[in-house]
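See below for the structure under consideration.
Computed from a predicted model, the values in this text were never measured in an experiment. The figures here come from the full heavy-atom set of this structure, side chains too, leaving out hydrogens, waters and symmetry mates.
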Amino acid sequence: MGKGFYISRPLGFVLCGLGIVAMLTIFSLSVVYTKEKRKNQVTAINETGMVTTAAPHTTPAPSNEPWDKYRLPDTLLPEYYNVTLWPRLVPDEQGMYIFTGTSGVALTCIKETNLIIIHSNKLNYTLTLEKHHAKLTGLGGTSAPAILKTWFQTQTQFMVILLNEKLEVGKSYWLYMEFRGELSDDLAGFYRSQYTENGVKKVVATTQMQATAARNAFPCFDEPSMKAVFHLTLQHPPETVALANGMELGTESITIGDKKLLQTRFKPTEKMSTYLLAFVISEFTKIQSSEKTNIRIWGRKEAIESGQGDYALNVTFPILKYFENYYNTTYPLSKSDQVALPDFAAGAMENWGLVTYREQSLFYDPKESSNGDKEWVVTVIAHELAHMWFGNLVTMRWWNDLWLNEGFASYVSYLGADYAEPTWNIKDLMVLQQVQRAFAVDALVSSHPLSSREDEVITPDQISQLFDTITYSKGAAVLRMLSEFLTESVFAKGLHNYLHEYAYSNTVYTDLWKKLQEVNSRIQLPASIKEIMNRWILQMGYPVVTIDTRTGNISQQHFLIHPEAVVEKPSDYNYEWFVPITWMKSGSNMGQHWLLTKTALYEPMKTGTDWLLANLNVMGYYRVNYDPQNWERLLTQLTTDHKNLNMIIHRAQIINITLALRTTKYLLKEKEYIPWESAIRNLQYFFLMFDRTEVYGPLQTYLRRNVQPLFDHFQNITSNWTQKPPRYMDQSNQINAISMACRTGVKGCSELTRMWYRQWMKNPDSNPIPPNLKNTVYCNAIAAGGVEEWDFGWQMFKKSTIAAEAEKLLYGLSCTKEPWLLNRYLEFTIDPKQVRKQDAAFAIVYISGNVIGQPLVWDFVRAKWEQITKDYDDGSFFFGRLIQGITKKFSTEFELKQLQRLKEDIAASSFSFGTQAIEQAIEKTKANIKWVSKNKAQVMNWLTEQST
């Protein structure tokens with residue numbers, strides 16, 4: 001799922017603040033992957049008069065029968081499907097939105113079998129004259145066996161068809177079914193979204209098939225390797241337009257019963273996986289390019305006509321051309337549709353030829369949106385378009401290699417975005433946004449390898465859990481490292497050969513290693529690519545490399561956030577890696593050295609009085625630690641030449657806490673964005689651990705003194721906040737200046753934000769707040785205000801027609817210091833009429849970031865977890881996201897016991913979810929407790945000394 005592991009921009013700052021280098025890192029989000037919460041088990045008569053009935057559902061005890069296994073048997077292969085669907089965009093007499101459909105699939109028998117097992121979930125079927133749920137005929141003169149029995153296995157989500165004779169190897173058959181399902185609002189499968197335009201409610205029928213929800217829309221062989229061609233036909237109301245993966249072939253008027261409809265047929269798809277299917281029926285309008293590749297941006301009429309889709313249209317073609325050149329492979333399709341949906345669980349989805357997005361991920365309003373919003377849009381688009389080749393044209397065989405799809409797209413999205421916006425230096429942000437995020441989660445014993453055995457990832461829940469920080473961010477970091485030591489040209493050439501050999505088929509990760517090895521004739525490596533890279537993907541975690549510049553000794557050790565934690569997962573490589581160490585000595589680049597063993601001696605790194613810096617630009621996926629003398633030399637270099645940006649992102653967590661704090665003293669002189677951004681993210685952990693303790697006052701005092709010059713600098717260059725800073729990175733750093741100044745109590749900051757907000761309250765139709773500063777201003781003004789400010793913000797949130805603006809208000813509303821307002825807001829979050837389901841988890845986590853809101857949220861979620869998980873998801877990820885967000889401040893034995901009690905309560909219930917999230921939260925809490933116990937007094941003493 002391209003950017004499927006969605007992180008809103010405000011939440012991204014919260015998350016990235018936990019990606020610390022000099023101290024513990026404690027936050028990861030699980031992908032929001034919403035599942036259907038209810039199923040239609042009624043018997044009804046549809047518009048054509050046919051009786052439909054739910055199949056008999058059985059959930060037997062575990063057995064060795066093929067229908068009780070989660071993987072499809074290897075007996076049949078689909079060749080092509082004919083699917084017709086008719087979604088109802090108005091509710092029926094029971095108030096239910098439904099869809100009806102027919103599906104036929106051409107099957108080829110690979111091994112003799114008397115069973116047809118096909119995925120189906122929450123669909124009701126029309127019975128044949130023989131009282132079966134499907135009809136089987138032969139193709140090409142083949143006669144088909146008779147159907148003896150059909151039934152459904154609810155647990156494994158299969159329709160099972162038992163035949164009276166075996167199918168013949170090499171023969172083809174046609175399986176036909178008629179069905180209906182609920183067009184629910186659960187954001188999965190074939191679902192409905194809605195919005196209001198000119199006071200009129202509009203309903204959209206749309207899809208999200210990844211990972212295992214195509215089976216919710218029609219019966220299919222719903223595994224990535226079961227690629228087929230899809231012939232799609234959509235029936236829809238006259239005022240609507242229908243979109244699918246292929247280009248429209250034509251639309252005609254039809255009548256079914258007394259219903260006048262349009263029927264749109266589409267060009268057959270390329271051979272593709274079911275999870276990449278998409279269709280949308282809506283009253284959306286479009287803008288399009290005049291390029292050879294038909295690029296169209298679709299969305300709400302009001303949004304498109306106001307120009308919110310223009311930026312996406314402008315960057316799509318250059319990004320497509322960049323990837324064509326990068327892969328040296330032509331774009332495989334004739335069109336590229338991109339659709340902004342009012343309700344969408346992920347950030348976007350790379351459906352082949354019909355990419356779907358949250359509105360915030362595709363739309364940009366130059367008058368209202370910030371630089372950050374624009375940056376988000378271009379990187380998400382680049383991520384999705386990268387998938388058109390890597391993931392769609394060539395697809396992983398099974399979900400255990402999901403990291404290869406998502407990690408690769410996450411990595412090259414920075415390259416594509418950098419090409420589209422070359423003045424932004426987007427590639428420089430990858431360390432902060434991806435590598436440090438992965439470091440935080442991968443330092444836990446509850447982490448997992450990038451790639452697992454296929455038999456370890458079987459159930460839909462297990463598959464969905466893979467859409468996480470490790471898959472996306474670590475995958476990106478490891479592939480970036482590979483590209484660096486191979487060189488980009490070798491890497492790209494290997495990708496080209498990989499895409500050409502495996503086009504329209506499926507692969508495992510070793511196929512990529514093989515192609516890269518074949519093209520590498522000039523880069524000398526210490527071992528094969530397979531031998532090097534398997535150590536990075538088949539074992540969890542990463543090393544901290546310790547360099548002793550006094551002796552030249554180098555060593556590596558599995559880095560853990562809780563060093564005493566017991567690693568129970570075995571590794572064939574004993575948690576050792578082949579580490580490419582790039583390094584410099586006193587500013588001179590010294591090339592690369594490979595560490596291949598746990599310890600080694602490398603004389604050139606015995607540097608005497610020269611400072612040494614390793615892992616340049618953090619291109620390698622590892623941390624670095626040094627002997628105390630080299631740390632002192634680096635600290636001296638940092639304070640005398642603070643523009644050496646590498647310094648602040650190279651500090652290892654295990655260094656002395658006082659030394660870590662000393663590296664912040666240079667900030668008095670610093671005016672650049674990346675050093676300040678990195679420092680703020682590093683310092684975020686101090687806020688998390690100490691904002692409820694006596695350390696918080698001295699911490700504020702110290703940081704206030706450091707940020708005052710930056711605040712004054714921006715007040716000066718903006719002519720007292722009346723102009724935008726001229727440089728792009730300065731515009732980003734202005735946000736840091738005001739945010740940190742208000743947080744630490746710099747005089748005039750709170751008054752500035754309140755002044756802007758008050759001006760807006762006096763004239764709601766004219767917002768005077770600079771778009772880049774809205775997050776900070778909304779939060780600080782609402783925090784300093786009361787019910788009047790909050791209610792105004794809520795009204796503006798409800799009225800907003802720009803998704804990015806609504807997101808900023810959603811965050812700002814969480815900043816109030818009034819407990820009763822926070823409690824009211826919490827109730828709003830689980831009412832879909834107040835807050836969209838796609839935004840509920842974010843809003844709750846935002847509130848938990850408020851020092852006053854955190855205990856309120858914790859009580860709220862513990863009291864309502866059954867209701868929340870029932871209404872919003874099957875529990876695995878919605879609840880997991882909440883747990884990880886809510887518990888990030890936990891640092892006491894009492895909080896640990898509460899967390900362990902919740903784990904016991906869930907284990908004793910009928911629910912089975914959130915296990916990984918709770919285990920990680922417990923591990924992080926234990927680490928927090930230890931860190932605070934060890935460092936609180938030192939931090940307090942050091943901060944106090946700085947104030948004297």
Side-chain angles (χ1 to χ4, degrees), residues 9-10 12-17 19-21 369-376 378-379 414 417-418 421-433 436 617 638-639 641-649 663-684 687 702-750 752-753 756 769-780 804 808 811:
R9 291 202 64 81
F13 284 114
V14 174
L15 183 148
C16 291
I20 298 169
V21 189
S369 303
S370 66
N371 288 356
D373 297 324
K374 196 174 187 180
E375 180 187 306
W376 176 251
V378 71
T379 54
Y414 287 84
D418 186 72
E421 297 289 359
T423 64
W424 291 4
N425 300 318
I426 289 178
K427 286 191 290 188
D428 294 343
L429 300 178
M430 188 172 176
V431 172
L432 298 175
Q433 296 177 352
Q436 299 294 357
N617 299 314
L638 182 60
T639 53
D641 181 14
H642 61 277
K643 296 190 182 300
N644 189 331
L645 304 185
N646 286 325
M647 301 296 183
I648 196 154
I649 52 178
T663 63
T664 65
K665 296 179 73 172
Y666 83 99
L667 291 171
L668 275 167
K669 307 174 185 178
E670 185 58 70
K671 301 296 186 295
E672 296 298 322
Y673 169 68
I674 287 183
W676 262 104
E677 180 67 15
S678 184
I680 288 171
R681 295 181 186 205
N682 293 342
L683 290 164
Q684 181 68 15
F687 284 110
Y702 171 70
L703 294 176
R704 180 165 60 245
R705 187 178 68 187
N706 279 272
V707 79
Q708 180 78 58
L710 187 70
F711 184 77
D712 294 342
H713 167 73
F714 279 103
Q715 185 174 19
N716 179 51
I717 70 170
T718 61
S719 299
N720 199 26
W721 313 110
T722 60
Q723 298 175 10
K724 181 190 291 188
R727 293 197 308 155
Y728 182 82
M729 285 298 184
D730 282 344
Q731 293 167 22
S732 298
N733 209 26
Q734 184 188 23
I735 302 169
N736 286 333
I738 294 178
S739 177
M740 185 59 72
C742 285
R743 188 171 197 173
T744 58
V746 169
K747 186 177 180 180
C749 187
S750 179
L752 175 67
T753 61
W756 272 326
I769 304 167
N772 287 337
L773 302 178
K774 284 181 176 179
N775 258 342
T776 295
V777 172
Y778 292 167
C779 181
N780 284 285
K808 294 176 179 65
Y811 169 67

CG on N425 to CE on M729, rounded to 0.5 Å: 5.0 Å
Just say parallel, tilted or perpendicular for the rings of W424 and Y728, cut-offs at 30° and 60°. parallel
Decide yes or no for W756 and N780: does some side-chain heavy atom of the first lie under 4.5 Å from some side-chain heavy atom of the second? no
Looking at CG of L667 and CD of Q708, how far apart are the two atoms once the value is rounded to the nearest 0.5 Å? 14.0 Å
Flag for N733-E672: side-chain donor and acceptor within less than 3.5 Å: no
Atom pair CZ/CG of F687 and L703 - distance to nearest 0.5 Å: 5.0 Å
What pairs with D428 under side-chain hydrogen bond (donor to acceptor under 3.5 Å, both in side chains), at least two apart in sequence or on another chain? none
Results of side-chain hydrogen bond (donor to acceptor under 3.5 Å, both in side chains) for N706 - residues two or more places apart only: none
Rounded at 0.5 Å granularity, tell me how far CD in Q684 sits from CZ in R681. 10.5 Å
Evaluate N736 against S739 for side chain to side chain donor-acceptor pair (under 3.5 Å), listing each step before the verdict. CA-CA 5 Å; N736 286 333; S739 177; over 6 Å; no
Quick one: do F714 and I738 satisfy side chain to side chain contact (heavy atoms under 4.5 Å, CB included)? Show the steps, please. CA-CA 9 Å; F714 279 103; I738 294 178; over 6 Å; no
Using the rule side chain to side chain contact (heavy atoms under 4.5 Å, CB included), only one of N371, N772, V777 pairs with I735; which is it? N772
Would I426 and V378 satisfy side chain to side chain contact (heavy atoms under 4.5 Å, CB included), going step by step from the backbone distance to the final call? CA-CA 10 Å; I426 289 178; V378 71; 4.1 Å; yes
Is there side-chain contact between P770 and W721, with at least one heavy-atom pair below 4.5 Å? no
Give the C-alpha distance, both sets of side-chain angles, the deciding distance and a yes or no for side chain to side chain contact (heavy atoms under 4.5 Å, CB included) between E375 and L429. CA-CA 11 Å; E375 180 187 306; L429 300 178; 3.5 Å; yes
Please round to the nearest 0.5 Å and tell me the distance separating atom CD of Q734 and atom OG1 of T718. 5.5 Å
dist K808:NZ -> I769:CD1 (nearest 0.5 Å) comes out at 11.5 Å
Do L710 and K671 make a side-chain contact, defined as non-hydrogen atoms from C-beta onward lying under 4.5 Å apart? yes
Do the non-hydrogen side-chain atoms of V707 and W676 ever get within less than 4.5 Å of each other? yes
